[in-house]
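These notes are about the structure you will find just below.
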Amino acid sequence: MVNGVTAGIDAGGTLCKIAMQTEKGWVYQSFPTKQIQKCISWLDTYCAHRCLCITGGKASMIREKLKRSDYTLIPEFSASCAGARELLAAEGHADLSDFILTNVGTGTSINHVKGMTQEWMGGTGVGGGTILGLSGLLTGVYNYSTLIQYAEHGKRDLIDLTVARIYEGEKPPIPGDLTASNFGAVSDEAASPSSADQIASVIGLVAETVTSLSVLAAQKADVKTIVYIGSSFVNNSLLRKIVTRYSGQWGFVPIIPQYGSFCGAVGAALTK
Ligand SMILES: Nc1ncnc2c1ncn2[C@@H]1O[C@H](COP(=O)(O)OP(=O)(O)OP(=O)(O)O)[C@@H](O)[C@H]1O
Ligand SMILES: [Mg+2]
């Protein structure tokens, strides 16, 4: 391991992400925040000679458990914005300097990134934690990998009401395939949706909520591009699909970087 080089740690409400720059590129690792001791052991083994730059809401928890004092705390939003710039450049978007950055973590935060500055524009409590929690309540499935596998086969029409279904054959004033009401088709007379359908609709609710807010932020900031990051997109093809399509429908260019869940960790590593 290289002396004097940093490792970035983004300790979030659900997952603790680590990013280390090596000669072969970035190395990534993540642990459930509930299993923080595993994360600490990993850091002791692989990052003993690296300076640690820590960010995220659980940064203090990591700091308290580390048996060392050579760490730096980095503010969460500046870390995720710095990491987004780095990962976007690595994916061929080096010229992108003015965009909305929507981080769909446990909750969702929205920043306007302009050059080297960033401004927090708001957010919502609807995020990845909602996917886990609401899907779990509805279906009893709480495991993330299982949930997103279910969602692949889910259909939303028994649960969600589109604009076209409300207008029933009339010409609607807005695109008919937009969701008029998430969960609005549910009633005691309607057919019972499967677990897969319920999970797909929860993901739909999260996707459409975070996209709607991001679109409003993009309109306010007068930018064309919305960059979506956060572990909620990991292997979640339904979330990606809805966010991509819905952003496009509003005339914005969505980008979901491949390693977007590590923006905070990468940014922290680079901030030292
Ligand atoms: N292995 C996993 N276990 C649990 N959730 C996962 C996993 N992989 C992806 N997720 C999804 O990612 C979400 C967490 O995303 P992320 O790691 O970006 O948030 P966080 O940084 O922990 O939270 P916050 O930034 O809000 O404090 C979860 O709520 C879940 O929807
Ligand atoms: Mg986070």
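Whatever order the structure lists ligands and atoms in, that order sets their numbers, starting from 1. Computed from heavy atoms alone, side chains included, the values below leave out hydrogens, waters and symmetry copies.
Not one N or O of N103 is nearer than 3.5 Å to an N or O of ligand 1, by distance alone. Inclusion of G128 in the set of residues having an N or O under 3.5 Å from an N or O of ligand 1 is warranted. At least one N or O atom of K17, backbone or side chain, sits closer than 3.5 Å to an N or O atom of ligand 1. Polar contact check, G230 against ligand 1: no nitrogen or oxygen pair lies under 3.5 Å apart. Considering backbone and side-chain atoms together, D10 places no N or O closer than 3.5 Å to any N or O of ligand 1.
When only modelled atom types and interatomic distance are considered, H153 and D197 share no side-chain donor-acceptor pair under 3.5 Å. Judged purely by distance below 3.5 Å, without hydrogens or angles, the side chains of S135 and Q198 never pair a donor atom with an acceptor atom. Checking D177 against Q249 by side-chain atom types alone, a donor-acceptor pair falls below 3.5 Å. For E208 and T179, the side-chain atoms include at least one donor-acceptor pair closer than 3.5 Å. At a cut-off of 3.5 Å, with distance as the only test, a side-chain donor of T14 or T106 sits close to an acceptor on the other residue. Side chain to side chain, T209 and T124 fail the donor-acceptor criterion of an N or O pair below 3.5 Å.
For atom 13 (C) of ligand 1, the nearest protein heavy atom (residue, atom name, distance) is S232 OG, 3.6 Å. Nearest to atom 16 (P) of ligand 1 among the protein's heavy atoms is S231 OG, 3.3 Å. Looking only at protein heavy atoms, the nearest one to atom 27 (O) of ligand 1 is G13 N, 2.8 Å. Annotation: atom 26 (O) of ligand 1 to nearest protein heavy atom, T106 N, 3.1 Å.
Smallest separation of non-hydrogen atoms from I74 and S78: CG2-OG, 4.3 Å. When every heavy atom of A268 is checked against every heavy atom of T55, the shortest pair comes out as CB-CG2, 4.0 Å.
For G57, the closest heavy-atom approach to ligand 1 does not fall below 4.0 Å.
Both the backbone and the side chain of L15 come within 4.0 Å of ligand 1, counting heavy atoms alone.
Counting the atoms of ligand 1 from 1 in the order shown, those under 4.0 Å from a heavy atom of G129 are 29 (O). Remark: ligand 1 atoms within the under-4.0 Å shell around heavy atoms of G107 are 26 (O). Those atoms of ligand 1 that come under 4.0 Å of a heavy atom in E76, given as number and element, are 25 (O).
I199 is connected to Y144 through a chain of hydrophobic side-chain contacts under 4.5 Å among Ile, Leu, Val, Met, Phe, Trp and Tyr, so both are in one cluster.
Paired with Y28 under the rule ring-ring contact (aromatic ring centres under 6.0 Å, His included), one option of Y46, F262, W42 passes, and it is F262.
The heavy atom nearest to atom 4 (C) of ligand 1, considering only F31, Y144, F233, Y142, is found in Y144.
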